[in-house]
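In this text, all values refer to a predicted model and were calculated from it rather than measured experimentally. Counting starts at 1 for both ligands and their atoms, in listed order. Heads up: numbering here begins at 1 and tracks the sequence.
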Amino acid sequence: MKYNLPELPYSLDALEPKMSRETLEFHYGKHLQTYIDNLNKLVAGTPYEEMSLEDIVLKADGAVFNNAAQTWNHTFFFETLAPAPVKMPEKLASRLADAFGSVEAFREEFAKAAVGLFGSGWAWLAEDRDGKLVIVQKQNAGNPMTDGMKPLFVTDVWEHAYYIDYRNRRAAFVDACLELADWEKVAARL
Ligand code: MN
């Protein structure tokens, strides 16, 4: 068993009421666990067994890519949420202002990309090859690392991420994720 469920930096009910214990029990405890179980089965006895998770995401396709990227994406998503509001560090605020006009304009553009993504996927804030901050929509298990970008922040917009707490109100869930974001961790990735 190469991969195990990553530990959360908070308790299962710490994100309530924005994200309930029940959502964490299913999303983290069952959905993420299933991707990890599938990945362990798929890589066993293959050359992928010797690679890092990031290398698998960069090199694999098909089911191996899907389960590796879902493992990477969910780990990144959960570790970038915080129970108490985290003030955005100035260096991140100024980079967002450079790229989008203002922090508020970034939030609006990010929310629009997350809400407008058709079907299942992920909305990302990433740093592109030229060091510019960009918002990227990726369907299914997509991750901007495969485009040579560095992921900074992500919101999961698969229905399983929000249906328990928000039913069909994806926009309210996306707002909650922006409120729960640990901006210090995001800034540290710059
Ligand atoms: Mn998910």
Side-chain angles (χ1 to χ4, degrees), residues 2-43 53-54 56-58 60-83 107 110-126 135-147 149-183 185-186 189:
K2 180 166 179 188
Y3 297 103
N4 294 299
L5 195 63
E7 268 189 50
L8 290 178
Y10 41 77
S11 64
L12 287 175
D13 58 5
L15 304 180
E16 290 189 339
K18 291 187 172 76
M19 203 178 284
S20 67
R21 165 185 280 272
E22 188 183 2
T23 283
L24 268 291
E25 283 170 353
F26 277 82
H27 194 191
Y28 163 77
K30 296 183 191 292
H31 287 277
L32 174 53
Q33 183 69 65
T34 300
Y35 293 124
I36 292 169
D37 291 345
N38 288 341
L39 180 64
N40 280 322
K41 282 182 208 146
L42 286 162
V43 302
L53 183 59
E54 187 171 326
I56 300 175
V57 171
L58 292 173
D61 55 18
V64 176
F65 170 80
N66 287 337
N67 287 284
Q70 286 295 77
T71 298
W72 198 101
N73 296 357
H74 281 94
T75 301
F76 189 81
F77 171 68
F78 289 123
E79 81 185 12
T80 313
L81 301 178
R107 288 173 64 108
F110 184 87
K112 200 170 149 192
V115 173
L117 193 154
F118 185 80
S120 296
W122 302 81
W124 298 87
L125 172 68
I135 291 166
V136 183
Q137 290 175 315
K138 287 282 182 188
Q139 290 191 312
N140 301 319
N143 181 304
M145 289 193 299
T146 60
D147 303 324
M149 296 184 188
K150 185 202 283 183
L152 301 173
F153 176 70
V154 72
T155 293
D156 184 346
V157 292
W158 284 57
E159 283 187 351
H160 69 225
Y162 57 87
Y163 230 77
I164 290 171
D165 293 334
Y166 296 91
R167 299 298 175 192
N168 61 329
R169 295 181 299 123
R170 188 193 282 190
F173 169 74
V174 170
D175 281 346
C177 288
L178 286 164
E179 296 292 319
L180 291 167
D182 187 334
W183 298 116
K185 283 187 183 163
V186 177
R189 294 172 181 142

Exercise for the section: Would you mind listing every salt bridge (charged side-chain N to carboxylate O under 4.0 Å, His left out) that reaches into residues 10-23, with sequence neighbours excluded? Expected result: Asp13-Arg21, Arg21-Glu25

Practice task
Might you point out which heavy atoms bring Gln137 and Gly116 nearest each other, and give the distance in Å?
Solution key: NE2-C, 3.8 Å

Practice task
Sort by chain and number the protein N/O/S atoms found under 2.8 Å from the Mn ion (ligand 1).
Solution key: His27 NE2, His74 NE2, Asp156 OD2, His160 NE2

Exercise for the section: Drop me the distance from Met19's CE to Phe173's CZ, to the nearest 0.5 angstrom. Expected result: 4.5 Å

Exercise for the section: Check whether the side chains of Arg169 and Tyr162 place a donor and an acceptor atom closer than 3.5 Å, and report yes or no. Expected result: no

Exercise for the section: Could you tell me which residues satisfy salt bridge (charged side-chain N to carboxylate O under 4.0 Å, His left out) with Arg189, sequence neighbours excluded, listed by chain and number? Expected result: Glu79

Handout entry: Partners passing ring pair (Phe, Tyr, Trp, His ring centres under 6.0 Å) against Phe65 (at least two apart in sequence or in another chain)
Key = none

